[in-house]
Amino acid sequence: MKKMLLLMAIVLPFIFSSCGDDDDILSSREKELVGEWAIIKASETQADDFHYVFKKERTGSRRHLVDGNVVTDIAFKWSLDGNRLTLDYGSGQQLVLEITITIEKMHVVYVATGVAEDYKKVVVSEDED
C-alpha cells in the first residue's frame with residue numbers, strides 16, 4: 001500500500017503538469033503585440049482617436065475615441081501568422097491586416113483596401129509574461 005501511495009505521489013505531478021493548454025502559449029512575436037496601441041494622428045487638431053487593445057488570451061477590441069471618450073468598443077478574437085494579423089469579429093466578419101512591429105510602433109496595412117496606418121504602443125499589458 002505504501003508503495004502504491006509513493007508511486008501516485010511521484011506520478012501525479014507529471015499528469016497534472018501535462019494538462020496545460022498549449023494554445024495559451026504566445027510566441028515572442030505575439031507578445032510584442034499584446035497591449036494597447038493608439039493611432040498616430042495626422043494632426044494635433046484631429047479629435048478622433050482609434051486604439052487597438054490586444055490581450056494575451058488572443059482577444060481584444062478596437063476602440064473609437066472622440067475627445068478622450070470611448071464612442072465604440074468592438075470586441076474581436078485575434079490570430080497572428082507571420083506578419084498577417086486576423087481579427088475575427090464573429091458572425092463570419094474578419095479583418096485581415098499586414099503588420100510590421102518595431103520598437104513601440106506598429107505599421108498596419110488593411111489587406112482589403114491597401115490603406116495604411118501607424119500606431120504607437122501606449123499601454124503595455126499587465127498580463128505580459
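As the structure is a computational prediction, the values presented were derived from the model and not from experiment. Scope of the values below: all heavy atoms of this structure, side chains included, with no hydrogens, waters or symmetry mates.
- With rounding to the nearest 0.5 Å, the separation of NZ in K121 from CH2 in W37 is 5.0 Å.
- Under the 4.5 angstrom side-chain criterion for Ile, Leu, Val, Met, Phe, Trp and Tyr, the cluster partners of V70 are L65.
- V109 and Y119 are members of different hydrophobic clusters when ILVMFWY side chains are connected at heavy-atom separations under 4.5 Å.
- Note that CG of L80 and OG of S27 are 6.5 Å apart. Values are rounded to the nearest 0.5 Å.
- Other residues sharing a hydrophobic cluster with V96 under the 4.5 Å side-chain heavy-atom criterion for ILVMFWY residues are V111.
- One finds the CG atom of L87 at 5.0 Å from the CG atom of L97 (value rounded to the nearest 0.5 Å).
- Heavy atoms of other residues, nucleotides or ligands lying less than 6.0 angstrom from NZ of K120 number 12 at most.
- V53 belongs to no multi-residue hydrophobic cluster, having no ILVMFWY side-chain contact under 4.5 Å with any other such residue.
- Distance check: K56 NZ to I25 CD1 gives 11.0 Å after rounding to the nearest 0.5 Å.
- A search for side chain to side chain contact (heavy atoms under 4.5 Å, CB included) contacts involving S28 returns nothing, not counting sequence neighbours.
- E117 CD to K41 NZ: the interatomic distance, rounded to the nearest 0.5 Å, is 13.0 Å.
- Listed by first then second residue, pairs satisfying ring-ring contact (aromatic ring centres under 6.0 Å, His included) with a partner in residues 85-110 read F76-Y89, not counting sequence neighbours.
- Applying the salt bridge (charged side-chain N to carboxylate O under 4.0 Å, His left out) test to residues at least two apart or on different chains, the pairs with a partner in residues 75-99 are R84-E98.
- When hydrophobic side chains of Ile, Leu, Val, Met, Phe, Trp and Tyr are connected at separations under 4.5 Å, I40 ends up as a singleton with no cluster partners.
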